[in-house]
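Working notes, beginning with the structure itself.
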Protein chains: 4
Amino acid sequence: MKTHHALRTRSVRAARRPRPRGSPVKSTTVGATRAPLRADAARNRERILASAREAIVEQGHEVALDEIARRAGVGNATLYRHFPDRESLLLHVLMHVSDQITERARQALEAETDPFEALSRMVLDSARERIGGLCWLLSFATEVDGPQLAASRERVLRVTEELLARAHASGQLRPDVGAGDLLIAISRLTLTLPGKTCVRDGDMARRHLQIFLDGLRTPSRSQLPGEAIQLADLKDERH
Amino acid sequence: MKTHHALRTRSVRAARRPRPRGSPVKSTTVGATRAPLRADAARNRERILASAREAIVEQGHEVALDEIARRAGVGNATLYRHFPDRESLLLHVLMHVSDQITERARQALEAETDPFEALSRMVLDSARERIGGLCWLLSFATEVDGPQLAASRERVLRVTEELLARAHASGQLRPDVGAGDLLIAISRLTLTLPGKTCVRDGDMARRHLQIFLDGLRTPSRSQLPGEAIQLADLKDERH
Amino acid sequence: MKTHHALRTRSVRAARRPRPRGSPVKSTTVGATRAPLRADAARNRERILASAREAIVEQGHEVALDEIARRAGVGNATLYRHFPDRESLLLHVLMHVSDQITERARQALEAETDPFEALSRMVLDSARERIGGLCWLLSFATEVDGPQLAASRERVLRVTEELLARAHASGQLRPDVGAGDLLIAISRLTLTLPGKTCVRDGDMARRHLQIFLDGLRTPSRSQLPGEAIQLADLKDERH
Amino acid sequence: MKTHHALRTRSVRAARRPRPRGSPVKSTTVGATRAPLRADAARNRERILASAREAIVEQGHEVALDEIARRAGVGNATLYRHFPDRESLLLHVLMHVSDQITERARQALEAETDPFEALSRMVLDSARERIGGLCWLLSFATEVDGPQLAASRERVLRVTEELLARAHASGQLRPDVGAGDLLIAISRLTLTLPGKTCVRDGDMARRHLQIFLDGLRTPSRSQLPGEAIQLADLKDERH
DNA sequence: TATGAATGAGGCTTCATTCAT
DNA sequence: AATGAATGAAGCCTCATTCAT
């Protein structure tokens, strides 16, 4: 009875119960704020998200929710008011991260004239977000928690493809890599290692991302096994 | 964390005893099986180790021990008999993995004439072991659980340094990387991603390791931030 | 017993945290309720303590915590919320018992004019508390779990010494006994016997305590082996 | 759902299963050895009993059976061959203790001319056996494990009554105490205290038994509450 | 609305007992 | 006959989630 854990490694029970749907997911980024959301409530929400991200980076993606609530300085039930369950919270953190990467990638596209430089900038900026969790977002369901997550996902995918397309076009990027390769590799190289509270983790991630980028440049120094991982390959692989 | 017995008679006894046997752990590499270990028991032991590795690869390093026992087809207590606690089991799995990597690296050193090829071979072979757990082993205590782990650790470290030294000497490897860089990057790029039971994970790992290797070649295509991570940097980083 | 984290991510987190709150333990004797504690929570807490005492008396000090929780009519985790572990619960039960004995001893000191009568009254009153657990309290660490226990311990010790001192001074108490003798003997003669749920246990305890008291009177009817057990002898005997 | 634990506090399961009867209980003392019992087997049996007694004295009556087996230097299954379950082992230990006390009491009866001296000697000798477990034997079922336990029980009861009868007759022993009082008090005052590995425990027991004896002498220094506990009072109180 | 408290399921570990050499 | 190994049922503790203030 294999259980393909996803964002809810912690509780198996959740899978058994009827998902308590109907949670008022509120957009965290740009348009269409569903509910106006009182000022203090909004502040709480942001603090929870920030604490969650911080806690995950420090202790891994299985942090206790109470720990997150404590860091945010709110009661645990408040956390649940904003995010009906663990999965929801994590997804929103990922969305947040994703959106920030998207934003930076766009800036890179605008600011950098050299396509490979733009790509590099996006990759190295991603390292700053630390959680190698983009992968989850990418490989994870789109419609699960409303269209916002899907949108967020689409945004980062599209901008990544754009970056790659330009880099490919410029002839600086080896042709046998796809957006999937890039995103997965970023995820992995920035993933928090279990059992390590190594301070230099960030440094290492940057070093290794740089090496990876160097390996992406033309002329290709090797023949890659398998085929380029495209965006489509990252969809629906779960379960 | 001082434990004051007396009020917790329940669980104290075990702690008082000098731990019956220091786990009969027979060396997984060379020879010298410590304990004769009955035929069926030995089979169980191997099945548990195999199941553990498999389960960890599939579900992450936090798999329930009961799950591992179930996969191995033994009772939960049997698992405990062989490995007195979670830590012990994981350490033995890591040791097993480490030893196999060491073995392959040695073969690469012998068989390959080209130093960079030898390095590549070792790196790509590592991917086959999947668990990006080497990192733990490397950064983890040496004397804690007997000399076997220390030995295992030293072996993989030494062979890695040897590979790098030769590659550096041949001028094919960029000079600003150390054994720490290599091992950490391998760990990360082969780490099982939470939430993914993606079948092509192995393929991806190999692709990305190859790209990483390409980035390691001379001439250096960039200036790396920070300093080369050496082996010493991986030691004692815990706690 | 060094614990090396990293390989046991599962259970480690809790240990890392500085233990959320230092148990809201309101003083059981005088005043100064530390934490306001909601009405129902306070009720639960009292019920748990009462059930624990009852269960210990009936089944010995190794009763399952789940059993205690069941008797109290609360979930097992609720018990944990109030008392983070077995030790904590038992200590609070002991504290409660100790404080009651102290209180009664003080009343005896005030009310009784005859010093030996005061002593007798304290001893016989102790029997009513049943749990021969004072001994633990006495021989147990003082600073370990906060100052409250230390205080509770000191109180009962001091009042006992006072009672003995007066009885000695009056010439009614044989000189070769100390407070340690008294407290240990009380502990033993009121200890719940394993395997007995004998209803007359209390009666027996009182009978035997009375006989013991008679043996304490002057003139001494024998020469006691060994030396008088003083309070200091009861300290730090653990581990 | 109160469970009246007796000799098997440890496992509740045992109570659920059909008692695996038919164990070849062999007399440990005088007459009628059922099975000849090979020499080495007999030696094992004695070593197990001795280790059990020692372990119980040191660690309480809940020692792990494996611990006892280890002390005896035999495999755990060997222990089970001799004593089909925990209960059986404990009962035989008690029987052993009981028989030794009986023996000493008889010697005291013969050797001492003064009846109270004889009583004292028996009481103080009992302290040497340490386990305050006689009580179990006394209050415990008689027919459970064959007639031998019943016999052992009867023997110690009878000799105790004889000692008391003579002491009463001599006018040295206060009249309001019975054999039950004596045996229970001995049990309690020699009971191993949980959480204490106090070396002076034996000293204390002797001191307190002596004080108790002094309290038993005439002239009575008080009026005892309740009635004298007779032997009949100790029977069938369980469950 | 926000929060402290309650809960039950589940994980890890232990141990009495049975099985297979 | 003796033993090492296996087992399943608890026990203790944790934590995601729900309730009641």
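Note that this is a predicted model, so its numbers are computed, not measured. The chains referred to below are lettered A, B, ... by the order of the sequence lines, with proteins before strands, and numbering in each begins at 1.
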Nearest heavy atoms of B/Glu67 and B/Gln59, plus distance in Å
OE2-NE2, 3.5 Å
What is the distance, rounded to the nearest whole Å, between atom [atom1] of [X] and atom [atom2] of [N]?
X       : N      : atom1 : atom2 : value
B/Leu79 : E/dC15 : CG    : P     : 17 Å
A/Glu62 : F/dC15 : CD    : P     : 11 Å
A/Glu67 : F/dC15 : CD    : P     : 10 Å
A/Asn76 : F/dA20 : CG    : C1'   : 13 Å
C/Arg43 : F/dT21 : CZ    : C1'   : 12 Å
D/Leu89 : E/dC15 : CG    : P     : 16 Å
B/Arg86 : E/dG11 : CZ    : C1'   : 9 Å
B/Tyr80 : E/dC12 : OH    : C1'   : 10 Å

For B/Thr78 and D/Val74, take the nucleotide of DNA chain F holding the closest heavy atom to each; which residue's nucleotide lies nearer the 5' end?
D/Val74
Consider the side chain of [X], meaning its heavy atoms from C-beta on, and name the nucleotide among [options] that approaches it most closely.
X       : options                : answer
B/Ala77 : F/dT18, F/dT7, E/dA6   : F/dT7
B/Ala64 : E/dC12, E/dA2, E/dA16  : E/dC12
A/Asp66 : E/dC12, E/dT17, F/dT17 : F/dT17
C/Ala41 : E/dA5, F/dA5, E/dA2    : E/dA5

Evaluate side-chain contact (heavy atoms from CB on, under 4.5 Å) for C/Leu90 paired with C/Phe83, printing each intermediate quantity in order.
CA-CA 9 Å; C/Leu90 292 189; C/Phe83 307 97; over 6 Å; no
Using side-chain contact (heavy atoms from CB on, under 4.5 Å), reason through B/Arg71 and B/Glu58 one step at a time and then give a plain yes or no.
CA-CA 12 Å; B/Arg71 283 174 182 238; B/Glu58 281 182 28; 3.0 Å; yes
To the nearest 0.5 Å, what is the distance between CG on A/Leu91 and CG on A/Asp85?
8.5 Å
What distance do D/Ile48 atom CD1 and D/Leu79 atom CG have between them, rounded to the nearest 0.5 Å?
4.5 Å
Can you list the residues that meet the side-chain hydrogen bond (donor to acceptor under 3.5 Å, both in side chains) rule with D/Arg47, with sequence neighbours excluded?
none
As a check on the pairing definition, encode DNA chain E in dot-bracket form, counting Watson-Crick and G-U wobble pairs whose two distances are under 3.5 Å, and using | for partners outside this strand.
.||||||||||||||||||||
Just so I know, are the side chains of B/Leu89 and B/Arg86 near enough to count as touching, which here means a heavy-atom distance under 4.5 Å?
no
Counting only side-chain nitrogens and oxygens, does D/His82 get under 4.0 Å of the OP1 or OP2 atom of F/dA1?
no
